[in-house]
Amino acid sequence: MKTFNSIDEAFGWWLATIYPTLPAQAKKGRLTYAWRDFTHKRGISHARMKEILSEYGEFEIQTIIKYLPK
């Protein structure tokens, strides 16, 4: 099990680790655009990253927001 601190971190790991192992046919179209947008910092939404992570990997994505009064 691997844990990430953000969607960006998880997606970056996925692009470096899982994306290269996908068949060439799978890397066409929207995955190529997502890779390009993320790599070249053109802007990719967290919703789009979550959708790809869920579709092409076994990720459990949770959002935790904590208010810690002083």
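Nothing here was measured: the structure is a model prediction, and the numbers come from that model. Throughout, residue positions are numbered sequentially from 1 according to the sequence presented.
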Worksheet entry | Within one Ile-Leu-Val-Met-Phe-Trp-Tyr cluster: Y33 and L31, side-chain cutoff 4.5 Å | no
Nearest-0.5 Å distance that lies between atom [atom1] in [X] and atom [atom2] in [Y]:
{"X": "I7", "Y": "R48", "atom1": "CD1", "atom2": "CZ", "result": "14.0 Å"}
{"X": "L15", "Y": "R36", "atom1": "CG", "atom2": "CZ", "result": "12.5 Å"}
{"X": "L22", "Y": "K28", "atom1": "CG", "atom2": "NZ", "result": "13.5 Å"}
{"X": "Y19", "Y": "F38", "atom1": "OH", "atom2": "CZ", "result": "13.0 Å"}
{"X": "H46", "Y": "L53", "atom1": "NE2", "atom2": "CG", "result": "10.5 Å"}
{"X": "I52", "Y": "W14", "atom1": "CD1", "atom2": "CH2", "result": "6.0 Å"}

Item to complete: Using modelled atom types only, decide if a donor and an acceptor are shared between the side chain of S54 and the backbone of E51 within a distance under 3.5 Å.
Response: no
Worksheet item: Does S45 offer a backbone N or O that forms a donor-acceptor pair with the side chain of K50 under 3.5 Å?
Response: no
Item to complete: Give a yes or no on whether E55 atom CD has more than 12 heavy-atom contacts from other residues, nucleotides or ligands under 6.0 Å away.
Response: yes
Discussion item. Can you tell me if Y56 has over 12 outside heavy atoms packed within less than 6.0 Å of its OH?
Written reply: yes
Worksheet item: Taking it one step at a time, do K2 and T17 satisfy side chain to side chain contact (heavy atoms under 4.5 Å, CB included)?
Response: CA-CA 12 Å; K2 186 157 182 62; T17 309; over 6 Å; no
Worksheet item: Looking only at heavy atoms, which two atoms of M49 and I44 are closest? And how far apart?
Response: CE-O, 3.6 Å
Worksheet item: Parallel, tilted or perpendicular for W35 and H40, by the 30°/60° rule?
Response: perpendicular
